[in-house]
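What follows is one structure encoded as structure tokens, with my remarks underneath.
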Amino acid sequence: MDEQALMGLNPNADACYRQRALAYFEQLKESLDGWEVCAEALAKGFYSDDHVKFFCFQVLEHQIKFRHGSLTAAQQQLIRETLMKWLQAQLMNVHPEKPFIRNKVAQVLALTFVMEFLTLWPKFFFDILNLVGLNSNGVDIYLRTLMAIDAEVVDRDILHSPEETRRNILIKDAMREQCIPALVESWFQILQTYQHTHSELTCQCLEVVGAYVSWIDLNLIANDRFVNLLLSHMSIEELREEACDCLFEIVNKGMEPVDKTKLVETLCQVLQSAGFFSIEQEEDVDFLAKFSRLVNGMGQSLVLSWTKLSKMADVKVSAETLRAVEGKVPLMLQLLIHEDDDISANIVGFCYDYLLVLKQLSVSSRKQTWRYCSITGSYLTSAIMLAVMNKLKYDDEYNFENEGEDEAMFVEYRKQLKMLLDRLAQVSPELLLEAVHRVFNLVSCGVSEYQHSSVTLEFFETVVRYDKFFLVEPQHIPSVLMAFLDHRGLRHSSPKVRSRVAYLFSRFIKTLHKYMNAFIEDILRRIQDLLELAPPENGFPALLSSDDQLFVFEAAGVLIVNGESPAERKQALMRNLLAPLMEAFHMLLAKLPQEADEERQAVLADCLSHAVGFASRTSKAFSNKQTVKQCGCSEVYLDCLQTFLPALSCPVQRGPLRSAVRSFLHRMIICLEEEVLPFIPAASQHMLKDCEPRDLQEFIPLISQITAKFKNQVSPFLQEIFMPLVMAIFEVLSRPAEENDQTAALEKQMLRRSYFSFVQTIASSGMNEVMASQGAENIERVLFTIIQGAVDFPDPVAQKTCFIILSRLVELWGGKDGLVGFPDFIYKHIVPACFMAPLKPTFDLSDAQTVLTLSECTLTLHMIHLKRGLECIRFLQEYLPSLQVSPEITQELCQVLQQPDVKVLKNYMKVFQELYD
């Protein structure tokens with residue numbers, strides 16, 4: 001072997017040596033006989049270095065995994081002999097190999113077993129058992145190999161191909177017939193031999209038993225000698241956790257309900273007699289967590305047996321099983337209320353299933369199950385509920401300000417407990433309600449004054465979640481409002497609480513504003529300082545972040561708009577709310593161009609954007625122009641528009657300023673309708689200067705919104721802006737970009753989609769004069785971009801839009817009185833596009849968007865035929881043969897096209913590609 005290359009296997013080796021070792025590894029893997037060098041080194045023990053031995057086993061593993069079928073019989077025999085010689089050498093070693101080498105050997109042995117057990121090596125286990133006997137080094141490798149075989153053949157968490165699954169079934173069947181009894185006997189001997197002298201080997205063996213018991217004959221394990229041995233391990237400190245896990249797997253074994261009940265009851269009697277049910281005397285919480293899992297498994301198994309027996313109408317046996325279930329409930333409760341959450345969490349499944357039993361029982365039999373529980377001094381359902389409520393409490397160690405892994409685990413545990421409460425509510429809703437009333441009356445008990453932030457947050461979350469309560473009990477609204485507005489809510493010392501409360505306050509106001517008319521102006525005065533635009537130069541942190549302020553502005557707008565004041569008062573209140581924003585905006589905008597520092601510019605622009613966003617958010621209270629007029633607020637928002645629009649001509653920080661003003665314009669189109677139109681031309685002119693792809697992409701929806709809403713009212717404006725907008729888009733799309741710049745490519749794709757969407761809006765709004773007035777050359781240029789989008793770009797979203805446009809244009813201009821020259825364009829470009837697009841290799845009909853594209857393509861063809869009639873059919877009869885389409889298919893397509901039902905054509909076009917091929 002290449003000794004210098006092997007030096008690179010050491011983790012501390014230089015990079016050049018490590019690279020050489022990697023290359024040598026690849027060389028040996030690819031070589032047809034290079035692995036034999038490694039096999040010889042392992043069989044004869046040439047190397048003592050752990051990394052070299054691991055390397056050799058890796059090469060051997062690759063050979064078995066990927067080339068076993070191509071090896072000669074002699075080579076396969078060499079692999080078997082190598083593994084057995086290496087294993088034999090281990091029996092003599094004073095010190096066993098490192099665990100990572102033993103694990104790798106186990107993997108190699110397991111792979112060999114999977115490949116050869118059914119054909120070449122049926123005596124695999126007998127050969128290994130005869131060799132290793134009860135030698136501790138040999139037993140260790142044997143047990144690790146069994147677990148590796150479990151991973152390869154049995155483990156359901158590992159995905160297998162159908163062929164591998166069939167193979168694994170055959171392997172398990174053969175093992176059951178040939179060697180499982182011998183394996184079980186070997187496990188018993190190992191457990192008995194090493195239980196007091198070698199805890200690690202004993203635990204390994206218990207893990208093997210637990211892994212294999214799910215698919216072997218349970219009678220081999222669930223017998224007196226084996227179970228007694230396992231129970232004795234429950235009393236040995238080093239073994240009892242693994243013994244618990246092993247018993248859990250035995251209990252979980254699929255069985256008939258009567259047999260399962262018998263098994264669980266026998267096991268419980270033995271455990272109880274041995275004192276394991278007296279958990280109050282047990283101090284080892286790790287063991288108790290395992291024991292709780294075992295009790296949970298036994299309880300759930302009994303519930304499942306009872307459910308099956310109940311369906312079989314076996315009353316006597318079903319009743320016996322129910323008594324067995326009930327017999328475990330006191331122990332379940334002890335584990336549920338244990339102070340350690342892991343122990344408690346492990347029993348929740350049984351508790352949940354038991355409550356389902358109570359729900360399913362009839363009222364008469366349920367009364368019998370609500371017996372008195374001596375552990376908690378209450379009835380069982382009540383005891384479960386009180387236990388759950390007690391366990392829901394946060395520990396003193398819980399870190400609310402910096403939640404880590406422990407806190408996340410407790411949150412998950414609380415979710416499990418919440419499921420128990422939900423199930424309790426189904427079993428006994430009156431009991432749960434009584435308990436809640438007994439614990440507190442949320443609104444009037446003063447819990448909102450509690451000092452802990454988590455309790456404060458839970459208070460506000462609860463009052464908002466159950467805000468409908470205040471619709472029938474409105475007398476409580478003032479006290480809750482005060483909690484929102486004072487030191488408990490929006491002015492709380494914790495930023496986390498203030499932030500969440502801002503959102504909850506907005507929701508509370510939106511639901512209950514009809515009941516707040518008497519408090520509106522008082523509320524607005526109390527929140528006035530929270531609505532101030534925090535100037536970047538004051539240096540003081542604001543109580544609320546800008547995102548939080550959005551919710552408070554929205555709440556203020558809802559209060560003003562929905563109050564019962566006259567329109568003049570509403571206008572005054574809205575002006576009082578927005579005037580400070582406009583003043584601050586005017587002042588900051590004047591400062592921005594004078595600021596030389598870019599970071600400082602960004603801070604100012606951010607502040608200006610927030611001002612626009614706050615004003616926009618107040619308008620959410622209006623549903624349309626009518627409500628704005630009724631409130632007398634149109635003038636206020638027009639003043640805002642005049643204040644904000646100059647930001648579009650600011651020479652610096654164009655991106656954020658334009659984005660903010662655009663969003664405001666979107667809202668004003670809804671709120672002010674045609675009153676906003678005089679502002680649009682100048683705003684558009686500014687927004688089209690020095691555009692970036694994102695600017696245009698965001699501007700186009702604004703123009704589309706205007707087009708769809710106002711249609712012919714804005715036709716002159718659209719005719720004027722159409723080509724400047726199109727040219728700006730073309731200019732941005734033509735800018736060169738780095739070949740691997742995915743961001744730039746995505747921006748261009750999204751801009752292209754926005755452009756086609758804009759053209760679609762114009763075409764669909766019946767405003768064909770906007771395009772028709774652009775002059776022949778410009779019209780042709782635009783049409784070619786649509787053809788290109790339909791055919792050349794593998795973007796089904798854009799392609800679909802393009803075919804919708806083409807279909808609409810054919811409808812508008814494809815008739816006798818249509819646009820001059822357009823029929824020629826139909827035959828030269830649109831009809832070919834309808835066939836060239838589906839025939840592209842990138843046209844993937846397994847993609848849902850592509851299927852929609854084909855549908856629109858088909859509708860375009862259908863529309864052409866509707867408008868041009870037989871002329872279209874004659875053209876296709878000449879055109880399709882030029883695409884090498886057979887005369888039969890050409891004739892067939894033409895006949896289908898003339899069918900009145902377009903669904904026939906759609907179905908035909910789906911198979912056209914296959915017919916064409």
Side-chain angles (χ1 to χ4, degrees), residues 443 448 456-457 459-471 474 476-492 495-534 542-565 569-582 610-623 627-628 630-631 633 636-637 640 663-664 667 670-671:
V443 178
S448 63
T456 304
L457 268 179
F459 167 77
F460 287 113
E461 295 279 0
T462 304
V463 296
V464 172
R465 185 180 300 120
Y466 299 102
D467 52 9
K468 301 294 187 295
F469 163 80
F470 298 96
L471 297 174
H476 294 296
I477 290 176
S479 60
V480 175
L481 268 177
M482 283 308 301
F484 270 112
L485 296 170
D486 63 20
H487 65 279
R488 292 167 288 178
L490 291 169
R491 300 177 190 280
H492 196 278
K496 180 180 176 182
V497 173
R498 293 197 301 270
S499 177
R500 184 63 180 165
V501 168
Y503 163 72
L504 295 171
F505 176 64
S506 172
R507 282 195 38 196
F508 192 73
I509 295 293
K510 281 194 275 189
T511 303
L512 301 166
H513 58 76
K514 289 181 182 177
Y515 299 88
M516 297 182 187
N517 189 58
F519 320 120
I520 289 174
E521 298 201 24
D522 184 38
I523 294 170
L524 292 175
R525 274 194 299 273
R526 289 175 183 272
I527 63 174
Q528 190 170 359
D529 63 318
L530 299 175
L531 299 175
E532 291 175 0
L533 186 68
L543 276 176
L544 298 179
S545 71
S546 55
D547 287 342
D548 301 333
Q549 283 179 293
L550 284 170
F551 294 115
V552 184
F553 268 103
E554 184 175 358
V558 169
L559 285 170
I560 294 169
V561 170
N562 292 286
E564 295 176 5
S565 305
R569 187 59 188 156
K570 289 184 179 181
Q571 183 191 53
L573 291 173
M574 191 64 80
R575 188 169 291 282
N576 288 342
L577 182 65
L578 298 180
L581 291 178
M582 289 188 271
H610 293 325
V612 179
F614 296 156
S616 184
R617 197 60 169 256
T618 62
S619 73
K620 291 261 185 179
F622 301 107
S623 55
T627 53
V628 182
Q630 287 169 357
C631 295
C633 293
V636 182
Y637 284 104
C640 285
S663 296
F664 189 70
R667 283 298 308 159
I670 295 169
C671 295

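- Counting only heavy atoms from C-beta outward, the side chains of Cys671 and Tyr637 never approach each other to under 4.5 Å.
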Practice task
Could you walk me through whether Arg500 and His492 pass side chain to side chain contact (heavy atoms under 4.5 Å, CB included), step by step?
Solution key: CA-CA 11 Å; Arg500 184 63 180 165; His492 196 278; over 6 Å; no

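- Arg617 is linked by a salt bridge (charged side-chain N to carboxylate O under 4.0 Å, His left out) to Glu554, counting only residues two or more places apart in sequence or in another chain.
- The two residues Ala502 and Phe551 come nearest to each other via the heavy atoms O-CB, 3.4 Å.
- Summarising the geometry of Pro474 relative to Tyr515, their closest heavy-atom pair is CB-CD2, 3.9 Å, with the distance given to 0.1 Å.
- Here the two rings, on Phe484 and Phe508, have centers that are under 6.0 Å apart.
- When only modelled atom types and interatomic distance are considered, Ser619 and Arg667 share a side-chain donor-acceptor pair under 3.5 Å.
- The side-chain heavy atoms of Leu550 and Phe614, taken from C-beta on, include a pair separated by under 4.5 Å.
- Counting heavy atoms from C-beta on, the side chains of Leu481 and Ile509 come closer than 4.5 Å.
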Handout entry: Candidate pair Asp486 and Arg526, rule side chain to side chain contact (heavy atoms under 4.5 Å, CB included), full reasoning
Key = CA-CA 9 Å; Asp486 63 20; Arg526 289 175 183 272; over 6 Å; no

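- Between Leu581 and Ala615, the shortest heavy-atom distance links the atoms CD1-N, 3.9 Å.
- Residues Leu490 and Leu543 form no side-chain contact, since every pair of their non-hydrogen atoms from C-beta on lies 4.5 Å or further apart.
- A salt bridge is defined here as a Lys NZ or Arg NE, NH1 or NH2 lying under 4.0 Å from an Asp or Glu carboxylate O, and Lys510 with Asp467 fails to meet this definition.
- The minimum heavy-atom distance between Ile520 and Leu559, with the atom names listed, is CD1-O, 3.3 Å.
- For the atom pair NE2 (His610) and OG (Ser545), the distance works out to 8.5 Å, reported to the nearest 0.5 Å.
- In this structure a side-chain-to-backbone donor-acceptor pair under 3.5 Å is present from Gln549 to Glu532.
- The distance from atom CZ of Phe505 to atom CD1 of Ile523, rounded to the nearest 0.5 Å, is 5.5 Å.
- Within a 6.0 Å sphere centred on CD of Glu461, other residues, nucleotides and ligands contribute more than 12 heavy atoms.
- The CE atom of Met516 sits 11.0 Å away from the CG atom of Asn562 when rounded to the nearest 0.5 Å.
- Contact of the Thr456 side chain with the Val501 side chain is not registered, since no non-hydrogen atoms from C-beta on lie closer than 4.5 Å.
- Atom CG of Leu531 is separated from atom CG of Asn576 by 11.5 Å, given to the nearest 0.5 angstrom.
- Note: Asn517 CG to Glu564 CD = 4.0 Å, rounded to the nearest 0.5 Å.
- In this structure the side chain of Phe459 never reaches within 4.5 angstrom of the side chain of Arg488, judged on heavy atoms.
- In this structure, the side chains of Phe622 and Ile670 stay at 4.5 Å or more apart for every pair of heavy atoms.
- At least one side-chain heavy atom of Leu530 sits under 4.5 Å from a side-chain heavy atom of Arg491.
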Practice task
Decide yes or no on side chain to side chain contact (heavy atoms under 4.5 Å, CB included) for Leu573 and Lys570, but give the supporting numbers first.
Solution key: CA-CA 5 Å; Leu573 291 173; Lys570 289 184 179 181; 5.6 Å; no

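- Listed here is the closest heavy atom pair of Val497 and Gly489: CG1-O, 4.4 Å.
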Handout entry: Worked check of side chain to side chain contact (heavy atoms under 4.5 Å, CB included) between Val636 and Leu577
Key = CA-CA 10 Å; Val636 182; Leu577 182 65; over 6 Å; no

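- Atom CG of Asp548 is separated from atom CZ of Phe553 by 12.5 Å, given to the nearest 0.5 angstrom.
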